[in-house]
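FYI, side chains are in, hydrogens and waters are out, and symmetry mates aren't considered; it's all heavy atoms of this structure. A note on names: the letters A, B, ... follow the listed sequences, proteins ahead of strands, and every chain is numbered from 1.
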2 protein chains.
Amino acid sequence: MEHKKAEKISKALADPNRIMIIKEVKKQNDALYCCDIDAIIDLSQPSICHHLKQLTDTEILIPEKEGRYVKYALNNSLIEEYIDFLHSLKTT
Amino acid sequence: MEHKKAEKISKALADPNRIMIIKEVKKQNDALYCCDIDAIIDLSQPSICHHLKQLTDTEILIPEKEGRYVKYALNNSLIEEYIDFLHSLKTT
DNA sequence: TAGAAATATTTAAATATTTCGATAAATAAG
DNA sequence: CTTATTTATCGAAATATTTAAATATTTCTA
């Protein structure tokens with residue numbers, strides 16, 4: 001992974017609300033809906049939308065449209081690539 | 001790892017200059033000096049100092065004073081803990 | 001001890017991010 | 001077709017981050 005990409009993923013993970021959202025995706029087993037987040041995070045709907053956009057722009061979350069709803073799944077392989085990048089930084 | 005801690009590590013990694021610094025620590029085999037960075041990164045001395053502070057505050061880098069100099073080493077075990085946290089986010 | 005060199009701190013400006021209210025767009029339900 | 005519901009976008013305010021000049025601190029060397 002390019003370090004520019006790793007930087008962007010790091011930035012997307014650098015917020016407590018976005019980490020909460022990712023945790024919730026896991027809890028809901030890759031089937032998190034936008035409106036579920038309202039119940040969990042004390043932010044306005046536009047703010048939640050903004051955080052989701054950062055997570056989907058970086059492809060950490062993969063959105064899938066289902067009628068009026070959007071379902072989010074975690075991009076496990078991207079996380080793996082990011083982990084590989086972190087391993088590559090380590091000294092031996 | 002607490003997610004507050006993971007958030008802080010993410011934030012510290014969310015900058016191209018700081019990633020460059022970490023890469024340079026690896027290149028120099030855990031023996032990076034402050035003044036070496038001047039040669040690599042086009043930033044003022046106070047800015048470099050500020051970035052190093054973020055990396056040491058989060059304990060990503062471990063500073064060791066050597067007379068007038070400060071030598072930096074990567075905290076490999078913290079990176080491992082951060083990687084474990086990332087694994088824990090993954091869906092199965 | 002005085003001067004030089006390396007690193008740290010303070011302060012302020014520029015830029016970026018976060019947040020929310022208002023509003024728009026898309027689709028479902030009646 | 002009209003209305004309600006879900007998600008997205010715009011615009012503006014509040015907050016945080018990045019940067020560098022000026023200055024301070026620490027320690028080496030002559």
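For D/dT5, its base sits under 3.5 Å from the side chain of A/Arg68 at one donor and acceptor pair at least.
For B/Lys11 and D/dT17, the shortest distance from a side-chain N or O to OP1 or OP2 is below 4.0 Å.
Atom pair B/Glu7:CD and C/dT17:P shows a separation of 15 Å (rounding to whole Å applied). Regarding B/Leu61, its CG atom lies at a distance of 15 Å from the C1' atom of C/dT7, rounded to whole Å. Atom P of nucleotide C/dT7 and atom CD of B/Glu66 are separated by 10 Å, given to the nearest angstrom. Atom CG in A/Asp15 sits about 12 Å away from atom P in D/dA16, given to the nearest Å. Nucleotide D/dT18 holds its P atom 9 Å from the CG atom of B/Asn17, rounded to whole Å. Computed from coordinates, the A/Asp57 CG to D/dT9 P distance equals 9 Å when rounded to whole Å. What separates NZ of A/Lys65 from P of D/dT5 is a distance of 18 Å, to the nearest Å. In this structure, OH of B/Tyr69 is placed 8 Å from P of D/dT29, rounded to the nearest angstrom.
Heavy-atom minimum distance, B/Leu43 versus B/Asp38: O-OD1, 4.1 Å. For the residue pair A/Thr58 and A/Lys8, the shortest heavy atom distance occurs at CG2-O, 3.7 Å. Among all heavy-atom pairs drawn from A/Leu32 and A/Val25, the shortest one is CD2-CG2, 3.6 Å. The shortest non-hydrogen separation linking B/Met20 to B/Ile40 is CE-CG2, 4.3 Å.
In this structure, B/Ile21 CD1 and B/Lys23 NZ are separated by 13.5 Å, a value rounded to the nearest 0.5 Å.
With distances taken from any side-chain atom of B/Tyr33 to the nucleotides D/dT19, C/dT7, C/dA5, the minimum falls on C/dT7.
Nearest-nucleotide assignment on DNA chain C puts the 5′-proximal partner with A/Arg18, out of A/Arg18 and A/Gly67.
Of the residues in residues 42-55 of chain B, those with a non-hydrogen atom less than 4.0 angstrom from any atom of DNA chain C are B/Gln45, B/Pro46, B/Cys49, B/Lys53.
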Pairs of donor and acceptor atoms involving the side chains of residues 10-19 of chain B, under 3.5 Å and at least two apart or interchain, shall be tabulated with distances.
residue: B/Ser10; atom: OG; partner: B/Ala6; partner atom: O; Å: 2.8
residue: B/Ser10; atom: OG; partner: B/Tyr82; partner atom: OH; Å: 2.7
residue: B/Asp15; atom: OD1; partner: B/Asn17; partner atom: N; Å: 2.8
residue: B/Asp15; atom: OD1; partner: B/Arg18; partner atom: N; Å: 3.1
residue: B/Arg18; atom: NE; partner: B/Ala12; partner atom: O; Å: 2.7
residue: B/Arg18; atom: NH1; partner: B/His51; partner atom: ND1; Å: 3.0
residue: B/Arg18; atom: NH2; partner: B/Lys11; partner atom: O; Å: 3.1

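Side chains of A/Phe85 and A/Glu2 form no contact here, defined as non-hydrogen atoms less than 4.5 Å apart.
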